[in-house]
Protein chains: 4
Amino acid sequence: MPFPANTDSGMDDPVHGDQLKSIVERIERLEEEKKTISDDIRQVYAEAKGNGYDVKILRKVVAIRKRDANERAEEEALLDLYLQAVGESA
Amino acid sequence: MPFPANTDSGMDDPVHGDQLKSIVERIERLEEEKKTISDDIRQVYAEAKGNGYDVKILRKVVAIRKRDANERAEEEALLDLYLQAVGESA
Amino acid sequence: MPFPANTDSGMDDPVHGDQLKSIVERIERLEEEKKTISDDIRQVYAEAKGNGYDVKILRKVVAIRKRDANERAEEEALLDLYLQAVGESA
Amino acid sequence: MPFPANTDSGMDDPVHGDQLKSIVERIERLEEEKKTISDDIRQVYAEAKGNGYDVKILRKVVAIRKRDANERAEEEALLDLYLQAVGESA
DNA sequence: GCGCATTGATGGCTGC
DNA sequence: GCAGCCATCAATGCGC
């Protein structure tokens, strides 16, 4: 059981001493990847700006499309719910 | 020139009508990837929690390590500034 | 209960009609004070510049000192977390 | 002259060795005050929320009033300009 | 449902 | 004088 431990996971925990290290490193690796993507996005906006587009508007467009997509998804989910409620498997 | 245009790029702009579409889609693709990574990170924390780790502490550890790295970088930047301030080219 | 109301506070709410006005004015008053302080800060930097200091460096110095303070605070918080994690009341 | 020096202020600069310290401390003191005000503002919003107000809307109200005030100020400034232009002392 | 943490938007400052 | 950069502040989304 790791030191901050609460409930024992059942296994007798032999080596997992550097399990913590592993966890932290996985997270750090992922955050690095995430940062890379973020930088790419910023770069695309920068390019667009260089081509005469208004970045602020562009961001709004993306946000709106995202919101619409979410709404569509919600509606669909709701529809599925209804279908299940009336006995359809969806 | 794209419609929001400010300064003409010089070319007579034949097709680039869906250049905007291309831009938006590139961004959306990247944001999707980013979301995937974020989900992965959350999942790692969730797993860790399942193994008895205190997520709040884990996050602090990660944050502190990150900040230390930033600090190192910033000190270096400060040093460069000092060097410039005293007339060194850096 | 004020008009945007959600949960009733229990009292029968006689006058509070201009409670909103009061709130907005308190905020505006505070923001004015805040702006004054910000102006003072800018002025100090300007003076310093007039005395031959490099403002950019000054800002970095201030930022680093602040970050160091934050770091200290955060490490202390982490320590408290550890103590709690091992069952100490902190 | 302080070390990052550019133009000499004319005085022979005896002690001002800790002038820098003074500057930094003045700034830090002011930033602390500023933070206090910011906290107060947040607290007012929190109170308002507790009284059933919608914080997001409140913020919009404050922002709009601020903008209106700015516009009023601009118009007044413009008016002054006109008055001066036609020979009035304002 | 609330508070927190992250992310995005805005405004000020610096350099060209 | 304007554009780019950075720092601050608000808004959204997530977890408890």
Side-chain angles (χ1 to χ4, degrees), chain A residues 6 27 30-31 34-35 37-39 41-47 49-50 52 54-64 66-67 70-71 73-74, chain B residues 6-7 27 30-31 34-35 37-50 54-56 58-60 62-63 66-67 70 74 77 81 84-85, chain C residues 6-7 27 30-31 34-35 37-39 41-46 48-49 53-60 62-64 66-67 70 74 77 81, chain D residues 6 27 30-31 34-35 37-39 41-43 45-47 49-50 52 54-64 66-67 70:
Chain A
N6 32 30
I27 292 169
L30 287 167
E31 297 219 323
K34 193 172 134 189
K35 187 181 185 312
I37 310 280
S38 294
D39 290 344
I41 292 174
R42 240 173 279 125
Q43 191 174 343
V44 174
Y45 278 116
E47 271 181 48
K49 182 175 187 173
D54 182 320
V55 172
K56 192 172 167 183
I57 304 286
L58 268 183
R59 284 185 185 276
K60 279 211 182 301
V61 169
V62 171
I64 287 175
K66 186 178 180 182
R67 191 166 50 75
N70 288 344
E71 282 170 6
E74 272 184 44
Chain B
N6 33 29
T7 64
I27 291 169
L30 287 167
E31 296 219 323
K34 193 172 132 188
K35 188 182 184 312
I37 309 279
S38 294
D39 290 344
D40 289 349
I41 292 173
R42 242 175 275 123
Q43 191 174 344
V44 174
Y45 278 117
E47 273 180 47
K49 182 176 186 171
D54 183 320
V55 172
K56 195 171 168 186
L58 270 181
R59 284 186 185 276
K60 271 211 181 297
V62 171
K66 185 179 182 182
R67 190 146 48 62
N70 288 344
E74 187 146 0
L81 274 180
Q84 287 179 245
Chain C
N6 33 28
T7 63
I27 292 169
L30 287 167
E31 297 219 323
K34 194 171 128 187
K35 187 183 184 312
I37 310 279
S38 294
D39 291 344
I41 293 174
R42 241 173 279 126
Q43 191 175 345
V44 174
Y45 278 117
K49 182 175 187 173
Y53 290 98
D54 182 320
V55 173
K56 193 171 169 185
I57 291 183
L58 269 182
R59 285 186 184 277
K60 271 212 181 295
V62 171
I64 285 177
K66 186 178 181 183
R67 190 148 48 63
N70 287 345
E74 187 146 357
L81 275 180
Chain D
N6 33 29
I27 291 169
L30 287 167
E31 298 219 323
K34 193 172 134 189
K35 187 182 185 313
I37 310 280
S38 294
D39 290 344
I41 293 174
R42 242 172 277 127
Q43 191 175 342
Y45 278 116
E47 271 181 48
K49 181 175 188 173
D54 183 318
V55 172
K56 192 172 167 183
I57 304 286
L58 269 182
R59 285 185 185 276
K60 279 210 181 303
V61 169
V62 171
I64 287 174
K66 186 178 181 182
R67 191 166 51 77
N70 288 345

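Source: prediction; values computed, not measured. In what follows, chains are A, B, ... by sequence order, proteins preceding strands, each numbered from 1. Only heavy atoms go into these numbers, but all of them, side chains included; no hydrogens, no water, no symmetry mates.
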Does [X] reach a base, just sugar-phosphate, or nothing at all? Heavy atoms under 4.0 Å.
X       : value
B/Val55 : nothing
C/Arg42 : sugar-phosphate
A/Lys34 : sugar-phosphate

d([atom1], [X]; [atom2], [N]) in whole Å:
X       : N      : atom1 : atom2 : answer
B/Asn70 : F/dA7  : CG    : P     : 12 Å
C/Tyr53 : E/dC13 : OH    : C1'   : 21 Å
A/Leu30 : E/dT6  : CG    : C1'   : 16 Å
C/Ile41 : F/dC6  : CD1   : P     : 20 Å
A/Tyr45 : F/dC5  : OH    : C1'   : 19 Å
C/Ile37 : F/dT8  : CD1   : P     : 15 Å
D/Ile27 : F/dT8  : CD1   : P     : 12 Å
C/Lys35 : F/dT8  : NZ    : C1'   : 15 Å

From E/dG3, E/dG8, E/dA9, nucleotide with atom closest to D/Lys49 side chain:
E/dG3

Side chain of C/Lys66, heavy atoms from C-beta onward: which of F/dT8, F/dC16, E/dC13 has the nearest atom to it?
F/dT8

Taking for B/Lys60 and for B/Glu31 the nucleotide of DNA chain E with the nearest heavy atom, the one nearer the 5' end belongs to B/Lys60

Taking all atoms of both residues into account, what is the closest heavy-atom pair of [X] and [Y], and its distance?
X       : Y       : result
D/Ile37 : C/Leu30 : CG2-O, 3.3 Å
D/Tyr45 : D/Val55 : O-CG2, 3.8 Å
C/Asp39 : C/Arg42 : OD1-NH1, 3.0 Å
A/Val62 : B/Ile27 : CG2-CG2, 4.1 Å

For A/Lys56 and E/dT10, is the shortest distance between a side-chain N/O and OP1 or OP2 below 4.0 Å?
yes

Determine: side-chain N/O of A/Arg59 to OP1/OP2 of E/dA9, distance under 4.0 Å, yes or no.
yes

Between A/Glu71 and A/Arg67, does the salt bridge (charged side-chain N to carboxylate O under 4.0 Å, His left out) criterion hold? Intermediate values first, please.
CA-CA 6 Å; A/Glu71 282 170 6; A/Arg67 191 166 50 75; 3.1 Å; yes

Return the 5'-most residue of the pair D/Ser38, B/Asp39 with respect to DNA chain F, ranking by each residue's nearest nucleotide.
D/Ser38

